[in-house]
Q: 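I have a structure I would like to understand better, so I am pasting it below and will then ask my questions one at a time.
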Amino acid sequence: QVQLVESGGGLVQAGGSLRLSCTASGRTFSSCAMGWFRQAPGKEREFVAAINWSDNTYYADSVKGRFTISRDNAKNTAYLQMNSLKPEDTAVYYCAARWPWIPATPPQHRREYNYWGQGTQVTVSS
């Protein structure tokens with residue numbers, strides 16, 4: 001079994017920063033791809049960023065240059081550093097994982113992930 005727990009959400013002013021964390025348990029962390037998705041009220045869950053076992057990354061166009069995904073295999077933790085936050089970034093952010101994931105390109109579609117965290121709220125005020 002795999003468990004994912006997100007943390008780090010909160011309220012921040014536009015232009016500010018937050019760092020989300022996702023800690024995984026139950027499986028070898030280095031063998032997986034990790035991703036972040038977000039969902040605003042009334043909207044579909046959308047892809048934000050992903051990282052594979054060799055630190056290849058992929059970002060949604062809306063967050064390129066502002067968000068950075070990383071992972072610390074020793075801590076079984078993935079991170080999402082969010083800078084220059086905008087009100088439109090407001091959403092519940094979900095950590096996701098895929099075991100296994102062989103391709104070098106990280107998965108970027110919701111259906112490609114098989115484990116999910118409970119989400120953490122990020123609110124950006126204008």
Q: Scan for salt bridge (charged side-chain N to carboxylate O under 4.0 Å, His left out) pairs involving residues 44-57, sequence neighbours excluded, and state none if there are none.
A: Arg38-Glu46
Q: Nearest heavy-atom pair of Glu6 and Cys95: which atoms, and what distance?
A: OE2-N, 2.8 Å
Q: Given 3.5 Å as the limit, does a donor-acceptor pair link the side chain of Asn52 with the main chain of Ala104, or not?
A: yes
Q: Measure across Pro106 and Ala50 and return the closest heavy-atom pair with its distance rounded to 0.1 Å.
A: CB-CB, 3.5 Å
Q: Other than Ile102, which residues form its hydrophobic cluster under the rule that side-chain heavy atoms must be closer than 4.5 Å?
A: none
Q: Provide the full list of side-chain hydrogen bond (donor to acceptor under 3.5 Å, both in side chains) pairs with a residue in residues 10-22, sequence neighbours left out, each pair given once.
A: Ser17-Asn83
Q: Any disulfide bond (SG atoms under 2.5 Å apart) pairs touching residues 38-87, not counting sequence neighbours?
A: none
Q: Can you tell me which residue pairs pass the disulfide bond (SG atoms under 2.5 Å apart) test with a partner in residues 23-89, sequence neighbours excluded?
A: none
Q: Give the minimum heavy-atom separation between Gly9 and Val122, together with the two atoms involved.
A: CA-CG2, 4.2 Å
Q: Which atom pair, heavy atoms only, marks the closest approach of Ala97 to Met34?
A: CB-SD, 3.5 Å
Q: Just jot down the side chain to side chain contact (heavy atoms under 4.5 Å, CB included) partners of Asn73, sequence neighbours excluded, or say none.
A: Phe29, Ser30, Arg71
Q: Does Arg110 have any salt bridge (Lys or Arg N to Asp or Glu O under 4.0 Å) partners at least two apart in sequence or in another chain, and if so, which?
A: none
Q: Kindly indicate whether the side chain of Tyr79, heavy atoms from C-beta on, has any atom under 4.5 Å from the side chain of Cys22.
A: no
Q: If hydrophobic clusters are built by linking Ile, Leu, Val, Met, Phe, Trp and Tyr wherever their side-chain heavy atoms come under 4.5 Å apart, do Ile51 and Val2 end up in the same one?
A: yes
Q: What residues, two or more places apart in sequence or in another chain, satisfy side chain to side chain contact (heavy atoms under 4.5 Å, CB included) together with Thr68?
A: Tyr59, Gln81
Q: Who passes salt bridge (Lys or Arg N to Asp or Glu O under 4.0 Å) against Glu88, sequence neighbours left out?
A: none
Q: If hydrophobic clusters are built by linking Ile, Leu, Val, Met, Phe, Trp and Tyr wherever their side-chain heavy atoms come under 4.5 Å apart, do Val63 and Leu20 end up in the same one?
A: yes
Q: Quick one: list whatever passes salt bridge (Lys or Arg N to Asp or Glu O under 4.0 Å) with Lys43, sequence neighbours left out.
A: none
Q: Do you reckon Val12 sits in the same ILVMFWY cluster as Val48, going by side-chain contacts under 4.5 Å, direct or chained?
A: yes
Q: How long is the gap from OG on Ser25 to CD on Gln3, to the nearest 0.5 Å?
A: 4.5 Å
Q: Below 4.5 Å, heavy atoms only, C-beta onward: do Asn56 and Thr105 meet side chain to side chain?
A: no
Q: List the atom of Ala40, the atom of Ala91, and the distance in Å for their closest heavy-atom pair.
A: N-CB, 3.8 Å
Q: Which residue is it: Leu18, Leu85, Leu11? I am looking for the one with a side chain to side chain contact (heavy atoms under 4.5 Å, CB included) to Thr123.
A: Leu11
Q: To the nearest 0.5 Å, what is the distance between OH on Tyr93 and OG1 on Thr120?
A: 10.5 Å
Q: When Ile, Leu, Val, Met, Phe, Trp and Tyr are grouped by side-chain heavy atoms lying under 4.5 Å apart, directly or through other members, which residues fall in the same group as Val92?
A: Phe37, Phe47, Tyr58, Tyr94, Tyr113, Trp116
Q: Please tell me whether Val124 and Met82 are part of a single hydrophobic cluster in this structure, the criterion being side-chain heavy atoms less than 4.5 Å apart.
A: yes
Q: Could you tell me the separation between the CZ atom of Arg98 and the CG atom of Asn114, rounded to the nearest 0.5 Å?
A: 5.5 Å
Q: If you group Ile, Leu, Val, Met, Phe, Trp and Tyr by side-chain heavy-atom gaps below 4.5 Å, do Leu4 and Trp101 land in one group?
A: no
Q: Quick one: list whatever passes side-chain hydrogen bond (donor to acceptor under 3.5 Å, both in side chains) with Ser31, sequence neighbours left out.
A: Trp99
Q: Could you walk me through whether Asp89 and Lys86 satisfy the salt bridge (Lys or Arg N to Asp or Glu O under 4.0 Å) test, starting with their C-alpha distance in whole Å, then the side-chain angles of each, then the deciding distance to 0.1 Å, before giving a yes or no?
A: CA-CA 5 Å; Asp89 295 319; Lys86 305 174 181 179; over 6 Å; no
